[in-house]
Amino acid sequence: MCGRYSLVTTDVAVQIQLGNMQLELPSIARYNIAPTQFAPVVTNTQPGLFQHFTWGLVPFWSKDGKNTGKMINARAEGIESKPSFRQPIRTKRCLVLADSFYEWRKTGTQKQPYRILLQNGTWLVFAGIWEEWRGGEQPMRSFSIITTTPNREMATLHDRMPVLLLDAATQQQWLSENSLPSILALLKPPPDDVLTYYPVNPLMNKATFDAPSIHTPFSVEF
DNA sequence: CCAGACGTTGTT
DNA sequence: GTCTGG
DNA sequence: CCAGACGTTGTT
DNA sequence: GTCTGG
């Protein structure tokens with residue numbers, strides 16, 4: 001699955017190609033984005049800019065509007081019929097930008113985190129859905145990252161992984177008004193051999209720890 | 001009809 | 001809001 | 001996702 | 001064990 005990720009856009013070009021659009025990158029250096037925190041997304045309804053939404057989808061019918069972090073992920077299988085997701089998958093899709101995400105392997109009592117990124121070093125774009133809750137003073141907007149079965153290299157770490165939109169054409173399709181079947185057809189694992197990963201320091205297990213050193217390879221003790 | 005859930009991952 | 005279970 | 005709390009009365 | 005907070 002995907003329960004933490006990173007997005008570091010400082011020291012890179014300020015423009016990024018997403019779908020058929022050239023967007024200005026938000027300037028952020030987040031090495032440890034955790035559930036309930038704000039992160040940049042590009043929505044189908046306003047595809048010209050990045051907006052900061054809270055991670056963990058809050059359905060529009062929620063009573064208290066609290067982000068409990070329960071819906072940080074949405075399983076691709078059956079997403080079109082889940083009460084919380086059936087509207088968003090049809091009308092509220094978004095792109096979630098990242099440079100890497102994290103998965104954990106349990107070694108005895110230790111939880112060893114790994115950083116996963118593309119072999120070609122380009123941005124990761126997760127398939128996301130978003131929602132708007134209007135029960136309070138201000139509308140509250142949130143998002144969820146869709147998961148699917150793992151490709152070959154991810155299978156060694158976990159049995160789920162985020163859906164990746166690997167090229168501009170796919171990203172464009174995700175944001176466009178396509179039929180439900182053609183949208184669902186995009187929710188599949190990536191090809192094998194496009195990702196790579198390495199262990200990182202377990203200090204990052206704590207969600208409040210956010211530092212560049214998280215991206216430094218970590219020697220796993222045996 | 002009303003009440004209560006609505007989610008994922010992982011573990012047993 | 002909408003579906004399921006009783 | 002992981003880490004940390006999980007309780008009350010009374011006192012500062 | 002389970003919930004909350006980040």
Side-chain angles (χ1 to χ4, degrees), chain A residues 1-7 28-40 52-92 96 98-117 124 126-136 139-150 154-164 180 187 189 197-211 213-215 218 220:
Chain A
M1 70 164 312
C2 181
R4 300 279 183 90
Y5 67 97
S6 67
L7 178 59
I28 70 170
R30 295 294 315 282
Y31 297 85
N32 199 0
I33 298 172
T36 72
Q37 297 178 348
F38 283 86
H52 284 79
F53 288 8
T54 182
W55 183 17
L57 189 138
V58 178
F60 69 96
W61 43 259
S62 168
K63 286 202 175 75
D64 57 11
K66 270 182 68 178
N67 182 352
T68 61
K70 279 180 181 173
M71 300 190 220
I72 61 174
N73 296 132
R75 292 179 69 96
E77 303 91 333
I79 191 172
E80 70 281 357
S81 55
K82 300 283 177 66
S84 298
F85 305 141
R86 50 171 297 128
Q87 293 306 325
I89 191 62
R90 286 169 174 80
T91 62
K92 291 186 174 68
V96 183
D99 60 57
S100 68
F101 63 100
Y102 304 99
E103 299 285 4
W104 280 259
R105 192 139 68 180
K106 288 196 180 69
T107 57
T109 66
Q110 301 289 344
K111 290 176 180 173
Q112 175 59 53
Y114 291 80
R115 181 184 183 215
I116 299 107
L117 62 165
L124 290 166
F126 304 137
I129 50 179
W130 61 279
E131 188 51 280
E132 184 173 73
W133 185 77
R134 293 174 163 281
M140 199 271 283
R141 297 178 183 87
S142 58
F143 71 95
S144 186
I145 295 168
I146 301 176
T147 64
T148 184
T149 52
M154 285 304 298
T156 65
L157 287 180
H158 260 280
D159 59 355
R160 303 296 295 174
M161 70 175 293
V163 172
L164 305 180
L180 183 62
L187 302 179
Y197 63 85
Y198 61 89
V200 295
N201 197 316
L203 281 174
M204 67 85 56
N205 292 3
K206 191 187 278 281
T208 51
F209 184 80
D210 190 340
S213 60
I214 292 174
H215 283 183
F218 179 79
V220 181

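Protein chains get the first letters and strands the later ones, always in sequence-line order, with residue 1 at the start of each.
No donor-acceptor pair under 3.5 Å is formed between the side chain of A:Asn67 and the backbone N or O of A:Gln37. Between the side chain of A:Asn205 and the backbone N or O of A:Lys111 there is at least one donor-acceptor pair closer than 3.5 Å. A:Ser144 contributes no side-chain N or O that, together with a main-chain N or O of A:Leu57, makes up a donor-acceptor pair within less than 3.5 Å.
As judged by a 4.0 angstrom heavy-atom cut-off over every strand, A:Pro59 is placed among residues making no nucleic acid contact. Using a 4.0 Å heavy-atom criterion, one finds that A:Phe60 contacts the sugar-phosphate atoms exclusively.
Applying the 4.0 Å criterion to OP1 and OP2 of D:dG4, one finds that A:Lys206 has a side-chain N or O inside that range.
Nucleotide E:dT4 holds its C1' atom 13 Å from the CG atom of A:Asp64, rounded to whole Å. Rounded to a whole Å, the OH atom of A:Tyr102 is 14 Å from the P atom of D:dC2. The distance from atom CZ of A:Arg90 to atom C1' of C:dG1 is 14 Å, rounded to the nearest whole Å. In this structure, the CZ atom of A:Phe126 is 13 Å from the C1' atom of D:dC1, given to the nearest Å. Atom-to-atom, CD of A:Gln37 to C1' of E:dT4 comes out at 14 Å; the value is rounded to the nearest Å. In this structure, A:Ile33 atom CD1 and D:dC1 atom P are separated by 17 Å, rounded to whole Å. The NZ-P distance, from A:Lys92 to C:dG1, rounds to 14 Å in whole Å. Atom CD1 of A:Ile145 is separated from atom C1' of D:dC1 by 11 Å (rounded to the nearest Å).
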Query raised in the report: Just by protein heavy atoms under 4.0 Å, how would nucleotides 5-12 of chain B read 5' to 3' in B, S and -?
Result: -BBSSSS-
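Ion pair A:Arg30/A:Asp99 not flagged as a salt bridge, since none of the NZ, NE, NH1 or NH2 atoms sits closer than 4.0 Å to an Asp/Glu carboxylate oxygen.
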Requested in this report: Dump the intermediate steps for side-chain contact (heavy atoms from CB on, under 4.5 Å) on A:Ile89 and A:Ile146, then the final yes or no.
Outcome: CA-CA 10 Å; A:Ile89 191 62; A:Ile146 301 176; 4.2 Å; yes
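Nucleotides B:dT9 and C:dG1, compared at atom C1', are 27 Å apart to the nearest Å. Taking atom P on both D:dA5 and B:dC6, the two are 29 Å apart, rounded to the nearest angstrom. Distance check on atom C1': B:dT8 versus D:dC2 gives 15 Å, rounded to whole Å.
For the side chain to side chain contact (heavy atoms under 4.5 Å, CB included) test, residues two or more places apart in sequence or in another chain that qualify with A:Thr148 are A:Met161, A:Val163, A:Pro189. Under the side chain to side chain contact (heavy atoms under 4.5 Å, CB included) criterion, A:Ile72 pairs with A:Met1, A:Pro35, A:Trp55, sequence neighbours left out. By the ring pair (Phe, Tyr, Trp, His ring centres under 6.0 Å) test, A:Phe85 is found to be paired with no residue, residues two or more places apart in sequence or in another chain being considered.
Among the nucleotides D:dA3, C:dC3, D:dC1, the one closest to the side chain of A:Pro35 is D:dC1. With C:dC3, E:dG5, D:dC1 as the candidates, the nucleotide lying closest to the side chain of A:Lys66 is E:dG5.
Judged by distance alone, with hydrogens and angles left aside, A:Thr36 brings no side-chain donor or acceptor close enough to the base of E:dG5 to form a pair under 3.5 Å.
When ring centroids are compared, A:Phe143 and A:Phe53 stay outside the 6.0 Å threshold.
Residue pairs satisfying the side-chain hydrogen bond (donor to acceptor under 3.5 Å, both in side chains) criterion with at least one member in residues 75-85 of chain A, sequence neighbours excluded, are listed as follows: A:Glu77-A:Arg160.
Where pairing requires Watson-Crick or G-U contacts shorter than 3.5 Å, the helical stems of DNA chain B with at least three consecutive pairs are B:1-6 with C:1-6.
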